[in-house]
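For clarity, every value in this text was computed on a predicted model and none was experimentally measured.
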Amino acid sequence: MGYTGFQAERRGLEANVTYLVGREENVLIWEMSLRSDRDRKVQIFPYVELGMMEFLREIQWQCYNKHQLACYPMGEVLVYRYGVENQPRPDETPLVFFAADVPVAAFDCDRDSFVGSYWSEENPVGVEQGELSDSVMYGGDPCFALQLDLELAAGEERKVHIFLGTAMTEEEILQTAARCRKADFAQRAREGLQEQWERYLSGFQCTLADKDAQTMVNIWNPYQVERNFQFSRNISYYATGTFRGVGMRDTAQDILAMIPLDTGRAREKMDLLFSQQYRDGHCNHYFFPTEGWEPVTRIHSDNHLWLIMDVYHLVMEEGSLEYLSRELPYYDGGWGSVWEHVGKSIEFTLSHMGENGFPLMLCSDWNDMLYKVCRKGKGESIWTGMQFGTVLRMMKELAGLMGESGVKYEEAYQQMQEKVNSLGWDGAWFRRCITDEGVFIGSDREPQAKIWLNTQSWAVISGLGDPDKQIAAMDSVRKYMDTELGIRKIYPAMEDYPSKEDPLTYYNKGCGENGSVFCHANTWAIIAECMLGRSDYAWKYYRQLLPMVAQARAGQERYRAEPYVYASNIFGPESDRFGLANVSWLTGTAAWMYLAVTQYLLGIRPCWEGLSVKPCLPREMLPAVVTRRFRGKVYRITIRSNDDVDVEPA
Ligand code: IFM
């Protein structure tokens, strides 16, 4: 885990390169090993195209900003200095360096000198000529290129290390490069990484009959969880780091899956999120701790409620109320304990109810697209009502543990229950929201977008739906929304709804928010089916979205995403590209899929009294064995059937 390797062989010369970042230094290590079948001279040209720290600057203003760039040698180390005057945090803009642990025969710092005017990186002129020109660059387009001349004896294996790193000063660069060049540095970095991942992944391991599921549970799903947790939606192959920052709702959900694996890291992120909450209980929507930019202050009806889920899960994982008394700042001044913070979340929703008794949508709920139903400030979210119900139950339980009365939470829950089962019920499923004009969206009476997945699954998750309605709603999901590649988010997709002039969405039919298989929302359907005890449906919904299964079923050319990471969505049947997976890596699917399989299908859930084990697996998945770290101990759990489990210290 945590490294990438490439291998090549040509005319008797074998080359392997592994790239990794260890824990000790801010350095990308390139570990290269070479072996030749005969004595020969080999030249290596490690090369890096350097940018301007922010890609937008390079696109918009390269012609001017290039005046502020410098790239030059310091002994055998190359250094890149990016002019910092316009950087958001000038004091934190580092120098970049490039070094090797073998003698450097020559170098280039100027990209034109290395690549050549009108040449390309496919055939750089420096490589063709077999000699770099020792170019320096003060104003222009920078690069790092080294020329390493080696002599290999037949059969000999030679290791070469190259280091691409950052440091604040030239002095620090020299010190870092010296530490990197020590004989065992790369090996220690590799071992450190291995230990780190092993510690993380050993929190939950399973043996399952379904080996695809086992691979996802043991390795790739928690790996994706970690990447999401680390980067929020800030960087990926898709998101660019320019506007998404740390999203309140996204990050609060990412935290849910980090809690069982590393409560320390989860706590740190929770502290950060709570510092974006205002004294009235609402939260900033996105913020930018790395860039230091102003946050996006739009108020959405769901953001502040996700925080309660984090707190509840953390308390149950730790079996301690200690985090509730932690004092944290409010964004608009003052401090409060975490218990006070979450109390404010509840108060905010209670004081922002619409005229039908559901929470005001404000600037949309979980479903981004709904911002259009509430532009006049009157639109209401039935789904947020269900999310509210879910966290009210958590608050009631926490209040009991705190020795306080939970009556106000119970009363609010009952009021919401009454609304959900009357106004919220459409006859065969639950409605989704109410527009400013009082139209119920997600109703059979409407011509399009008649049924929405989230209000069916959350009617079960919140427990708000009457028992017969919960079953009817999830049956409607199966009847109208399920496909062989997952459950659609809405059905039917919208074309000109509510009107051609002002449509609710510009997404094409079957794409993204408009009727794709939205993988994140599928996770809640799995959980809901588990809560209803319907293991066959739950497992079907889980298995059909395993990335390797979806890819195999759709066909590689149709699916076009990695077979080991969850994608945000897959184009639905109403698109002519049904089966095309989009936005893999950074999606709330990772965290919730992890919860769905570990806490609901395998059913291993922390609660105040200890570890509750209530699996919901179909017969063909039995038996299953899990090891789970919990409150400092490791347990081995054998699931022989959903009613026959053994828990013993591992
Ligand atoms: O909930 C959102 C998320 O914040 C960003 N991606 C889409 C989701 C559904 O609209």
The criterion is side chain to side chain contact (heavy atoms under 4.5 Å, CB included); which residues satisfy it with [X], sequence neighbours excluded?
X: E418; result: S422
X: E410; result: K396, Q414
X: A554; result: L485, R558, Y559

Practice item. Could you list all the salt bridge (Lys or Arg N to Asp or Glu O under 4.0 Å) pairs where at least one residue sits in residues 577-601, not counting sequence neighbours? Key: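 Not a single pair qualifies under salt bridge (Lys or Arg N to Asp or Glu O under 4.0 Å).
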My understanding is that only residues two or more places apart in sequence, or in another chain, count here; which of them pass salt bridge (charged side-chain N to carboxylate O under 4.0 Å, His left out) with [X]?
X: E317; value: R628
X: R393; value: none
X: D436; value: none
X: K372; value: D502

Practice item. Quick one: pull up CZ in F388 and CD in Q415 and give me the separation to the nearest 0.5 Å. Key: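 It is 9.0 Å, given to the nearest 0.5 Å.
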Please set out all donor-acceptor pairs under 3.5 angstrom arising from side-chain atoms of residues 592-613, sequence neighbours excluded.
| residue | atom | partner | partner atom | Å |
| --- | --- | --- | --- | --- |
| W592 | NE1 | Q253 | OE1 | 2.9 |
| T598 | OG1 | Y594 | O | 2.6 |
| R605 | NH1 | Q599 | O | 2.6 |

If the condition is side chain to side chain donor-acceptor pair (under 3.5 Å), which residues does [X] pass it with, not counting sequence neighbours?
X: T589; value: T587
X: Q230; value: R265
X: K469; value: D466

Check your understanding: If you measure from the Lys or Arg side-chain nitrogens to the Asp or Glu carboxylate oxygens, is any gap between D368 and R249 under 4.0 Å?
Key ->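 The answer is yes: the pair qualifies as a salt bridge.
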